[in-house]
Every structure is written in C-alpha cells, then in structure tokens.
Amino acid sequence: MAFSPSAPSPSTPPLQLPHRLDTIRSMDELKQIQAAVLKTPSLQSPPVLAKILSFCALSSSPHIAHARSLLAHIDNPSLLMYNTVFHSLSRSNRSLVSISIMFYEDMLEKDLRPDSFTFPYLLKLFANSQALQAGEALHAHAIKMGLDANVYVRNNLMSLYAVCGEVRSIQKLFDGFPEKDLVSWTTLISGYTKAGLAKKAVKVFEEMMSENLRADGVTMVAVLSACAELGDLELGRNLHRYIGARQIDMDVFVGNALVDMYSKCGDVDSAYQLFNEMPVRNVVSWNSIISGLVNNKEFKQALELFRQMQRQGIEPDPFTLVGALNSCASLGALELGQWVHAYINRNGIEADGITGNALVDMYSKCGRIDRAKEVFGGMAHKDVYTYTSMIVGLAMHGRGEEALELFAAMSSAGVKPNEVTFVGVLSACSHAGLVDVGLRHFESMSAVYGLVPQIEHYGCVVDMFGRAGRLDKAQDLISSMPMEPDAFIWGSLLGACRNHGDVALGETVAKLLLDVEPQEEGAYVLMSNLYTAGNRRSDGLRMRKAMRANKVRKTPGCSLIEIDGVIHEFRKGEELHPQAKEVYAMVDEFAHRLNIDSSQDEARHHSERLAMAFGLIGSRPDTPLRIVKNLRVCHDCHSVIKYVSRLYNREIVLRDRYRFHRFKNGWCSCNEFW
DNA sequence: ATAGGGTTAG
C-alpha cells in the first residue's frame with residue numbers, strides 16, 4: 001500500500017491537513033505539514049499537534065529535538081495538548097519513558113500544572129515499560145500536587161506497582177485512602193496474583209465480598225486467574241456459579257478465564273465443554289483450550305483442535321504454535337511438527353524466543369537432534385530455556401560430551417544455568433558414564449552457582465553411581481541427602497542392583513521402595529527380574545504372586561508411532577487397532593525368526609513391539625521408524641529391536657521414558673548403557 | 001481525553 005488513490009496531492013488545501021496526518025510517511029512530508037500548521041493558528045488543535053509530536057516520538061529514529069522545537073514555536077500550548085500527546089504515546093508498546101519525561105519537563109517549564117489526566121497517561125506509559133523509578137518520581141509529584149488521592153491517579157499508580165511486582169506499595173495505596181472503587185479492588189487482586197500470591201488475592205476477593213461490593217467481569221477474570229494458579233477446583237466452581245447468579249456478562253475474557261481455570265484445576269472436560277459453548281471465541285480462547293489439553297496430557301485432542309482452528313480460518317499466534325509444538329514433542333509427531341515449522345517459515349514468524357525454544361524441544365523429542373541443533377544455531381536470542389532444552393535433548397540422545405560442551409558454551413555466553421539445566425547436565429553425565437565429571441558438576445551447583453540441589457539432582461547422581469556399579473557410593477549419597485529419599489531414588493538404586501545382580505542389597509532396597517509406594521509395580525517387577533537372573537526362579541514367581549495378591553497398580557505400556565502424519569497408538573496386549581491381526585502375526589514372526597519360545601516370552605506383546613511391527617507393515621522401507629514409549633524399554637524388547645533393525649535393514653528410533661535408542665544394523669546407540 | 005482482565009517452554 002505504498003500509494004493510495006485517495007492520498008491527497010501536494011496541492012491539497014491546508015485546511016484538510018488533519019486528514020493527511022494519518023498517512024504521514026516521512027520526515028520531509030511531516031516538515032511540510034508542520035510549516036503549514038505553524039502559519040495557521042487555527043490548525044494548532046490538540047489532536048493535530050499530538051499527531052505530529054507522536055509521529056516524531058514514535059518514528060524508528062525519534063526526532064525529539066524537532067518535536068520540542070515545534071512545541072516551543074507554538075504560543076501558549078495548552079495542558080490539553082500535552083495530555084493528548086501523553087495519551088497517544090501511552091498507547092504505544094515502545095519504551096518512550098525518557099521521551100515523555102522530556103515532554104513532561106517542557107510542560108512544567110511552561111508553567112503548566114499536570115492534572116488528573118496527565119498522571120494516568122504517564123503512569124500507564126511507565127507501566128508499559130515497567131519503569132518503576134520514573135513511576136515513583138511521578139508518584140512523588142502527584143503527592144506534591146495533591147492529586148494522589150484522585151481515584152484515577154491512585155488506581156494507575158497501583159497498576160504500575162502491580163506490573164513492577166511491588167505488592168506492598170499497592171496495598172499501601174489501597175489502604176491509605178477511603179475512596180476505593182471496583183477498579184482499585186481488582187487491581188489489588190491482580191497485583192497479588194502477578195506477584196505469585198494467589199492465596200492472598202483470593203482473600204482480598206473474599207474481603208471485597210464481605211463488604212457487599214458487586215464484582216464485574218474484570219474482577220472475576222482477576223480472581224479466576226488466582227484460582228487457576230491455586231488449582232482450586234472447588235473455588236473455581238463457586239466463582240463460576242457466582243458469575244451465573246449475579247448475571248455477570250460472560251464476555252470472551254470471562255469465558256477464556258473460565259476455560260483456563262478449569263483446565264489448570266485439572267477438569268479439562270468442563271474446560272472443553274465451556275469452550276464449545278462460548279458464543280464468541282478469539283485466538284486466546286483457542287490457545288487456552290489447546291494449552292489446557294496439553295497440560296492435561298491430551299495431546300492428540302490438542303492437535304485436533306489445532307487443526308480445527310486452521311479449518312475455521314483462525315490465524316495461530318506464537319502461543320498457539322507453542323501449544324501445537326509441545327503436543328508434537330510429547331507424541332513424537334515429527335511430520336506435524338515439521339509442518340508447524342514450515343508454517344512458521346512461510347508466515348515470516350521468527351523462529352526465536354519461545355517459538356524457537358519450542359522448536360528445539362520438538363525436534364529433539366521427535367528424534368531429530370540434528371534439526372534441533374540447526375534451529376538452535378539459528379536463534380539470535382538464546383536464554384536459559386534455549387540452552388536447557390538443547391542440553392536435555394543432547395543428553396536424551398546419549399550425546400553426553402556434546403551436552404557438556406554446550407554447557408561450557410552457555411557459561412561463556414553469560415547465560416546462568418538453573419536447576420533444570422543441571423538435571424540435563426547430570427543426566428548427560430549419567431547416560432555417558434562420566435561419573436567423575438558428573439560429580440564435579442554436582443558439587444559446582446551449589447559452590448559456583450548458588451543453587452540448592454533438589455531430590456532430582458540427587459537422583460541423577462545415584463543413577464550415575466548405580467550405572468557405574470558403584471552401589472556403595474550410591475548408598476552413601478542417599479544417606480547423606482538432606483531430604484527423605486523418594487520412590488525415584490530407591491527405584492534407581494534397585495534398578496542398579498538388578499543390573500549388577502546384587503540380590504542382597506536389592507531385597508533391602510525393595511522393602512524401602514515398597515514403604516514409599518506400596519501400590520506400584522516397580523519394586524515387584526525389578527525384584528522378580530533380579531531373582532530370576534540370579535537363578536532364584538521360585539522367589540521370582542513369589543514376587544509375581546505377591547504382586548497379584550496385593551492388587552498392585554500397573555502403568556500400562558503404551559507406544560506411539562506416526563505414519564504419514566497419523567499417530568497410531570498401541571497398548572500392551574491390546575488388539576484394538578484395525579490392523580491388529582497383521583500386527584500380531586508380524587510380532588510372532590520376530591519371535592519365530594529369533595528362535596524365541598513364545599510361551600516363555602513375557603514381553604512378546606509389549607507395546608513397542610506392536611508399534612514396530614505396524615511400522616514395518618505400514619511405512620515406506622527407506623524411512624526410519626520412530627516410536628515413543630511411555631515406560632522404559634525392557635531388556636528383552638531391546639534385544640528384539642536390535643535384531644529386527646538388522647533383519648529388516650531399518651533404522652529404528654525409540655524414545656522411552658528416559659532417553660533415545662537409535663537401532664541400526666543390530667546395534668543400539670545406547671551401547672547397552674541405559 | 002483517564003484506571004483493573006485471558007493464553008507461552010526446559
């Protein structure tokens with residue numbers, strides 16, 4: 001739209017200038033207009049001047065000196081002119097703090113006193129940039145002018161302090177004056193939520209109720225957001241009922257807040273129902289339900305909604321893309337993930353920031369660590385999330401050395417690691433068998449970075465010792481931990497006992513594990529395997545029996561495989577898939593070719609074998625099979641997959657709960673180290 | 001001419 005047919009020609013009479021103002025494109029053009037304005041006092045109206053001044057201030061290289069000289073040339077600029085300029089600037093998202101301070105000072109020099117409009121505009125402007133210091137200075141001015149009691153000024157001050165996380169200042173302003181309106185209450189509530197004090201936010205709401213004030217939709221959004229943070233479904237339902245009872249207008253904000261509340265409280269069905277019943281939806285509504293489904297592990301449904309949204313012609317924004325990419329990452333849906341990436345490129349969306357981070361994560365979780373590295377390399381702004389995703393990704397792919405190199409690069413780049421980064425670093429060391437290096441990093445966590453090791457970090461180190469066969473060291477570490485060992489710790493040690501055939505220690509640890517989680521199968525299965533491997537079959541069978549007798553909960557094994565963009569799901573022993581017959585025939589063929597006695601092979605219908613069989617039947621022979629499993633792959637299946645990779649000359653990439661296995665030619669990238 | 005609201009990762 002460089003040329004518009006209705007654009008005025010240079011001969012346009014000066015009186016039509018105000019209309020030209022909206023189409024100013026260059027400084028030259030502006031100077032022309034300005035010359036005309038200065039000659040004609042009748043054109044010097046607040047909106048005209050505000051447009052000219054805002055153009056100067058908002059242009060990519062601000063012409064502040066120019067703007068100020070223009071103001072100097074006008075006889076007696078009015079307060080309204082300045083206010084109009086501040087109003088206009090306050091609508092911009094750019095940081096205009098110093099520019100507006102200059103205008104403000106010019107204004108004071110002309111002996112104009114700010115009024116109850118000046119302060120709100122300026123405070124909003126400062127809030128946009130979280131300019132706390134400037135805001136405090138203005139607060140002092142407002143007090144001096146006796147305007148701090150004005151409810152608009154005060155609410156804007158509260159809002160600025162809310163954005164800056166200064167909860168105490170908000171409360172002080174709130175308490176300091178008798179005149180409070182609904183906006184004051186709402187600002188206080190959302191201030192507490194923003195500061196992470198959701199409980200307090202709800203308390204304020206209750207206090208407001210007890211003063212018999214009626215909330216409106218905005219207040220409800222604020223308190224719903226606090227409720228979502230708390231995950232308090234009971235409270236959320238009450239708030240929902242309150243909205244109905246008080247006939248508060250269910251606009252799209254309230255609807256979105258309810259959808260978000262229900263999904264964050266774990267009631268994704270209600271969230272979905274509400275979403276469907278919303279009369280008006282916008283992109284945030286879609287984002288809320290998609291991210292809600294993702295957080296409730298309904299990834300397929302999340303992707304279905306993403307597709308539905310496309311069909312309805314709603315344009316996704318970065319929030320949407322992150323939600324879709326997260327689903328792809330969890331499901332291992334590489335093809336769809338690539339489609340999202342192509343969409344990002346096609347639409348000129350930057351693969352940076354949170355979108356870039358989500359892409360890195362998607363590619364590495366879908367087994368394409370090479371692509372993850374490409375995206376990572378192309379990112380201009382790498383933050384702690386970016387590095388952490390990449391480090392965790394490399395660790396999952398067994399590329400421990402590379403993960404550690406990247407960790408060093410991260411330090412050189414001046415990006416500070418956090419607790420999650422160290423989970424990545426330590427698991428990299430663990431998977432790569434780098435015990436000493438891992439221990440050094442573990443110690444540096446607190447000594448160098450001032451981070452307190454959490455139980456996950458101890459878990460990584462226990463795992464590290466366990467894999468290396470240093471069961472004594474693992475035990476020492478557990479007894480030195482400042483917290484109670486949890487199921488992960490004992491499970492990890494028991495797994496190590498199993499791998500190293502330490503029956504005696506295993507028995508002790510299994511008891512401890514059962515103390516922590518009596519209803520889970522982990523301890524029974526590991527002990528049964530340990531007994532069986534140690535030629536104590538009868539003890540092994542005893543464990544199996546005990547497991548049945550105690551009604552132990554089993555997490556059903558589930559594997560996913562994507563073929564031509566469709567995710568197929570297989571559960572252990574299940575025959576629901578339309579091609580189940582062929583799949584089971586294929587699985588039996590593996591066993592037959594491997595000379596395994598099917599009746600002895602407990603793992604023969606494990607989900608990863610079903611998914612692999614289906615992949616062999618249904619995909620092109622030159623493509624790798626990519627399987628995602630929800631549990632750790634068992635030893636038997638690991639051997640079978642190695643064998644199949646050679647027999648069928650197929651690359652098979654399996655992501656299990658803990659890491660990637662890349663099978664090729666009868667070998668696995670994990671080198672039996674998992 | 002003025003204030004308060006919903007969605008984002010490892």
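In what follows, chains are A, B, ... by sequence order, proteins preceding strands, each numbered from 1.
One cannot find a donor-acceptor pair under 3.5 Å joining the base of B/dA9 and the side-chain atoms of A/N326. With hydrogens and angles ignored, a donor-acceptor pair closer than 3.5 Å exists between the side chain of A/N155 and the base of B/dA3. In the interface, the side chain of A/D251 is paired with the base of B/dG5 through a donor and an acceptor atom under 3.5 Å apart. Judged by distance alone, with hydrogens and angles left aside, A/S389 brings no side-chain donor or acceptor close enough to the base of B/dG10 to form a pair under 3.5 Å. Within 3.5 Å, a donor on the side chain of A/T219 pairs with an acceptor on the base of B/dG4, or the reverse.
Here A/Y385 does not count as stacked on B/dG10, because the ring centres are not under 5.5 angstrom apart with planes under 30°. In this structure, A/F117 packs face-to-face on the six-membered ring of B/dA1, meeting both the 5.5 Å centre cutoff and the 30° plane limit. Ring-to-base geometry does not place A/F319 in a stacked arrangement with B/dT8 (centre distance under 5.5 Å, plane angle under 30° required).
For A/K297 (side chain) and A/V294 (main-chain N/O), no donor-acceptor pair under 3.5 Å exists by modelled atom type. Side chain of A/T193 to main chain of A/I189: a donor-acceptor pair is present (N/O by atom type, distance under 3.5 Å, no hydrogens or angles).
When heavy atoms are screened at a 4.0 angstrom cut-off, A/N357 is found touching base atoms of the nucleic acid. Nucleic acid contact class of A/V420 (heavy atoms, under 4.0 Å, all strands): base. At a threshold of 4.0 angstrom between heavy atoms, the contacts of A/N83 include nucleobase atoms, whether or not backbone atoms are also involved. Across all strands shown, A/V254 has heavy atoms under 4.0 Å from base atoms, whether or not it also approaches the sugar-phosphate. No contact: A/G424 has no heavy atom under 4.0 Å from any strand. Within the 4.0 angstrom heavy-atom criterion, no nucleotide atom of any strand lies near A/L325. Within the 4.0 angstrom heavy-atom criterion, base atoms lie near A/V384.
Applying the salt bridge (Lys or Arg N to Asp or Glu O under 4.0 Å) test to pairs two or more places apart or on separate chains, those with a residue in residues 348-368 of chain A are A/D361-A/K365, A/R368-A/D370.
Side chains of A/E298 and A/Y272: a donor-acceptor N/O pair is absent below 3.5 angstrom, by distance only.
Between the P atom of B/dA1 and the CE atom of A/M81 lies a distance of 15 Å, rounded to the nearest Å. The distance between atom NE2 of A/H381 and atom C1' of B/dT8, rounded to the nearest whole Å, is 17 Å. Remark: C1' of B/dT8 and CG of A/D317 are 9 Å apart, rounded to the nearest angstrom. Computed from coordinates, the A/W185 CH2 to B/dA3 P distance equals 22 Å when rounded to whole Å. Rounded to a whole Å, the CG atom of A/L157 is 14 Å from the P atom of B/dA3. Across the protein-nucleic acid pair, A/W286 atom CH2 and B/dT8 atom P stand 17 Å apart, rounded to whole Å. Residue A/F174 contributes atom CZ, which lies 12 Å from atom C1' of B/dG4 at whole-angstrom precision. In this structure, the CG atom of A/L321 is 13 Å from the C1' atom of B/dA9, given to the nearest Å.
An OP1 or OP2 oxygen of B/dG5 is reached within less than 4.0 angstrom by a side-chain nitrogen or oxygen of A/K194. Close to B/dT7, at under 4.0 Å from its OP1 or OP2, lies no side-chain N or O of A/S291. Residue A/K124 places no side-chain N or O under 4.0 Å from the OP1 or OP2 atom of B/dG4.
For A/F275, the ring-ring contact (aromatic ring centres under 6.0 Å, His included) test picks out A/W286, with sequence neighbours left out.
Put simply, OH on A/Y385 and OG1 on A/T388 are 8.5 Å apart, with the number rounded to the nearest 0.5 Å.
For A/V183, the side-chain atoms get nearest to B/dA3 when compared with the rest of B/dA1, B/dG10, B/dA3.
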